[in-house]
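Just below is one structure, and these are the notes that go with it.
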Amino acid sequence: MRAVLIKDNKGPVDNLYIGDAPDLVLQQNEVLVKIVAFGLNRLDIIQREGNYPPPPGSSDILGVEFSGTISKLGPGASKWKIGDEVLGLAGGGAYAEYIAILETHLLPKPANLSWVEAASIPENFLTAFQAVVLYGEIHENDDVLVHAGASGVGVAAIQLARINGARTVTATASTQEKLDLLLNSPNGATHTANYKTEDFSAVVKEVTGGKGVDIVVDFVGQSHWDKNIDALGLDGRMVLLAMLSGSTVTSTNIAPILYKRLKIQGSTLRSRTPEYQAELIARFGREALPKITGTNGAGPIKTYIHKVYPWTEIQNAHREMEANKNSGKIIVEVV
C-alpha cells in the first residue's frame, strides 16, 4: 500500500514523502479500513521530529485519526460489515491508504458529516470529552476555565462544557481575534481572557462572583500553575493535558490544594490501554457524537475545518500547522 513516510525515519517537513509500505496483516478483532481522509495533530509533528515514539504495538506511520470504509474483516471481528462508513482513533498508521484497527476503536460515520468533517473528530473531541466529562466530572451549573481555547481540543472542550450544562465557560487565548471567535461561536465561551495581558484568575473570580471555577482544562503547565490553583474554587478539578510552558514549578504554595480540597488529574490518551480507549470511544459515541455537525449544521456541537489538502501536499499541510496558521482542523484527503 501507499503511505506517507519519513526519510531517515525522522526529520524536518521536507523528509515527508509518499512511498510504498508493507501490506497489512489483520490480527484478532481487527478490521481493515480504506482511508478517505485523516486529521493532522501537533503530536504528528513531534513524532516526525523523532521526539514522540508511537505506543508499543502501534504503526510507525504517522496519524491517529481518520475516516473511511471497512474493506476487510479480521479473525473474530463481528461488529462491522464490509462497506460500513466509519471514523476512528489509532495509535498510529492513519497517513496511509489503509489502516488495521481494532473494531472497538471505530464509530459509525454520521450521515450528516462529510468524510472531512468525520476525520476531524476523534483526537480532539475524545481528548476533550475525557478531560471535561470523565476527569472534570462536569455537573449542571459548573463554572469552567479552558486554556488554549482556540486550539482544536480547546474548542471541543468549550462546546462539551456548554452542552453539559456549564453555567459559565471562560476561555483563554493570546489574541483578540481568537477571543472574539470563541465568544461569537455557537455554544462558545461565555467569557474570555487574554493570558498575555490579563490575570485570568482575577477574570474568573469576577465572572463567578468570587467563587472560582469548578473545572480547569490546562495545556500550558508551569507558567499557569499558580493562577490555576488560585482560580479553582472549593472541590475544584484541574485536568492537565500538556506542558507547553514547561514541566517544572520551582516554588509553589500547596496549602490551597489542601484547604480547597482540589483534585489534580494528569491526562493522556494515546498511551492508554486498548480496553480503556474502547470504553471511552463507546461512551463518546453514545453521549456526544450524535450532537456533532459541520460548521453550518444545526447541531449543538460543531467541528471546524481550517483547510483541506490532498495528501500529495502533505509537506504544505505540516508547514501550515507548524506556523500556527490554523484556527480549525487541518485535514488531508487520500487521493
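The structure displayed is predicted, hence computed values, not measured ones.
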Quiz item: Can you tell me how far the CD1 atom of Ile264 sits from the CE atom of Met238, to the nearest 0.5 Å?
Solution: 4.0 Å
Exercise. With salt bridge (charged side-chain N to carboxylate O under 4.0 Å, His left out) as the test, would you mind laying out the steps for Lys307 and Glu313 before giving the verdict?
Key: CA-CA 12 Å; Lys307 195 170 183 179; Glu313 296 181 21; over 6 Å; no
Practice problem: Would you check if the side chain of Glu333 reaches a backbone N or O of Val116 as a donor-acceptor pair within less than 3.5 Å? | Solution: no
Quiz item: Can you tell me how far OG of Ser185 sits from CD1 of Ile158, rounded to the nearest 0.5 angstrom?
Solution: 8.0 Å
Quiz prompt | NZ (Lys7) with more than 12 external heavy atoms under 6.0 Å | solution = no
Exercise. Please test Lys260 against Asp235 for salt bridge (charged side-chain N to carboxylate O under 4.0 Å, His left out), starting from the C-alpha separation and ending with a verdict.
Key: CA-CA 6 Å; Lys260 290 199 284 187; Asp235 293 315; over 6 Å; no
Quiz prompt | Any Pro54 side-chain heavy atom under 4.5 Å of Arg270 side chain | solution = yes
Quiz item: Does some side-chain heavy atom of Pro110 sit less than 4.5 Å from a side-chain heavy atom of Leu289?
Solution: yes
Exercise. For the pair Ser201 (side chain) and Asn228 (backbone), establish whether a donor and an acceptor sit closer than 3.5 Å, ignoring hydrogens and angles.
Key: no
Quiz item: Is a side-chain donor or acceptor of Arg237 paired with a backbone partner of Lys263 at a separation under 3.5 angstrom?
Solution: no
Quiz item: Could Arg48 and Tyr95 be counted as a cation-pi pair, given that NZ or CZ must be under 6.0 Å from the ring centre and within 45° of the axis?
Solution: no
Practice problem: Can you establish whether the number of heavy atoms outside Glu287 located under 6.0 Å from its atom CD is more than 12? | Solution: yes
Self-check item: Side-chain touch Asp143/Val204, heavy atoms, less than 4.5 angstrom
Solution: no
Quiz item: At what distance, to the nearest 0.5 angstrom, does NZ of Lys178 lie from OG of Ser151?
Solution: 9.0 Å
Quiz item: When you measure from the side chain of Thr190 to the backbone N and O of Val169, does any donor-acceptor pair fall under 3.5 Å?
Solution: yes
Quiz item: If two hydrophobic side chains count as joined below 4.5 Å and joins carry through other members, does Val64 share a cluster with Val153?
Solution: no
Quiz prompt | Tyr17 with Ile6, same ILVMFWY side-chain cluster at under 4.5 Å | solution = yes
Quiz prompt | Worked verdict on Asp214 versus Arg167 for salt bridge (charged side-chain N to carboxylate O under 4.0 Å, His left out) | solution = CA-CA 10 Å; Asp214 301 285; Arg167 187 179 73 87; over 6 Å; no
Quiz item: Hey, does Thr69 have a side-chain heavy atom less than 4.5 Å from the side chain of Trp80?
Solution: no
Quiz item: In Å, rounded to the nearest 0.5 Å, how long is the span from CG of Asp226 to OG1 of Thr252?
Solution: 4.0 Å
Quiz prompt | Heavy atoms of other groups near Glu322 CD, more than 12 under 6.0 Å | solution = yes
Quiz item: Are Val216 and Leu240 co-members of a hydrophobic cluster defined by side-chain heavy atoms under 4.5 Å apart?
Solution: yes
Quiz prompt | Flag, side chain of Asn187 to backbone of Pro300, donor-acceptor distance under 3.5 Å | solution = yes
Quiz item: Does the Glu65 side chain pair with the main chain of Glu123, one donor and one acceptor, at a distance under 3.5 Å?
Solution: yes
Practice problem: Applying side-chain hydrogen bond (donor to acceptor under 3.5 Å, both in side chains), run through Glu320 and His306 and close with a yes or a no. | Solution: CA-CA 10 Å; Glu320 186 86 357; His306 171 69; 2.8 Å; yes
Exercise. Report yes if some heavy atom in the side chain of Asp14 is under 4.5 Å from a heavy atom in the side chain of Arg319; otherwise report no.
Key: yes
Quiz item: Could you give all pairs that pass the salt bridge (Lys or Arg N to Asp or Glu O under 4.0 Å) test and reach residues 82-99, with sequence neighbours left out?
Solution: Lys81-Asp84, Glu85-Lys109
Practice problem: Quick one: do Val217 and Val132 satisfy side chain to side chain contact (heavy atoms under 4.5 Å, CB included)? Show the steps, please. | Solution: CA-CA 7 Å; Val217 178; Val132 173; 4.2 Å; yes
Exercise. Quick one: do Asn324 and Arg42 satisfy side chain to side chain contact (heavy atoms under 4.5 Å, CB included)? Show the steps, please.
Key: CA-CA 10 Å; Asn324 293 315; Arg42 193 134 326 250; 3.0 Å; yes
Quiz item: How many angstroms lie between CG in Leu280 and NE2 in His105, if you round to the nearest 0.5 Å?
Solution: 9.5 Å
Practice problem: Indicate yes or no for a side-chain donor-acceptor contact from Gln315 to the backbone of Leu16 under 3.5 Å, with no hydrogens or angles considered. | Solution: yes
Quiz item: Tell me, do Ser120 and Ile305 make a side-chain contact under 4.5 Å, heavy atoms counted?
Solution: yes
Exercise. Please lay out, stage by stage, how Phe200 and His147 fare under the test side chain to side chain contact (heavy atoms under 4.5 Å, CB included).
Key: CA-CA 10 Å; Phe200 61 78; His147 291 301; 3.5 Å; yes
Quiz prompt | Sub-4.5 Å side-chain heavy-atom contact between Glu137 and Gln265 | solution = no
Quiz item: Cluster question for you: counting only ILVMFWY and a side-chain heavy-atom cut-off of under 4.5 Å, with indirect links fine, are Ile121 and Leu241 together?
Solution: yes
Quiz prompt | Atom CE of Met1 with >12 non-hydrogen neighbours under 6.0 angstrom | solution = yes
Self-check item: Plane angle bin for Phe125 and Phe284 - parallel if under 30°, tilted between 30 and 60°, otherwise perpendicular
Solution: tilted
Quiz item: Does His224 have its ring centroid less than 6.0 Å away from the ring centroid of Tyr195?
Solution: yes
Quiz item: Between the main-chain N or O of Leu43 and the side-chain N or O of Asn41, is there a donor-acceptor pair closer than 3.5 Å?
Solution: no
Self-check item: Hydrophobic cluster membership, Val155 vs Val146, 4.5 Å side-chain cutoff
Solution: yes
Expected list for residues 24-38: side-chain donor-acceptor pairs under 3.5 angstrom, two or more places apart:
{"residue": "Gln27", "atom": "NE2", "partner": "Val25", "partner atom": "O", "Å": "3.4"}
{"residue": "Glu30", "atom": "OE1", "partner": "Gln27", "partner atom": "N", "Å": "2.8"}

Exercise. Look at the side chain of Thr208 and the backbone N and O of Val213, then say whether any donor-acceptor pair between them is shorter than 3.5 Å.
Key: no
Self-check item: Any donor-acceptor pair under 3.5 Å from Trp115 side chain to Gly68 backbone
Solution: no
Exercise. Look up atom CG in Leu232 and atom CD1 in Ile257, then write down how far apart they are to the nearest 0.5 Å.
Key: 9.5 Å
Self-check item: Close side-chain approach of Glu103 and Ile70, heavy atoms under 4.5 Å
Solution: no
Practice problem: Mind running side chain to side chain contact (heavy atoms under 4.5 Å, CB included) on Ile281 and Leu89 for me, showing each step along the way? | Solution: CA-CA 8 Å; Ile281 290 166; Leu89 181 77; 4.2 Å; yes
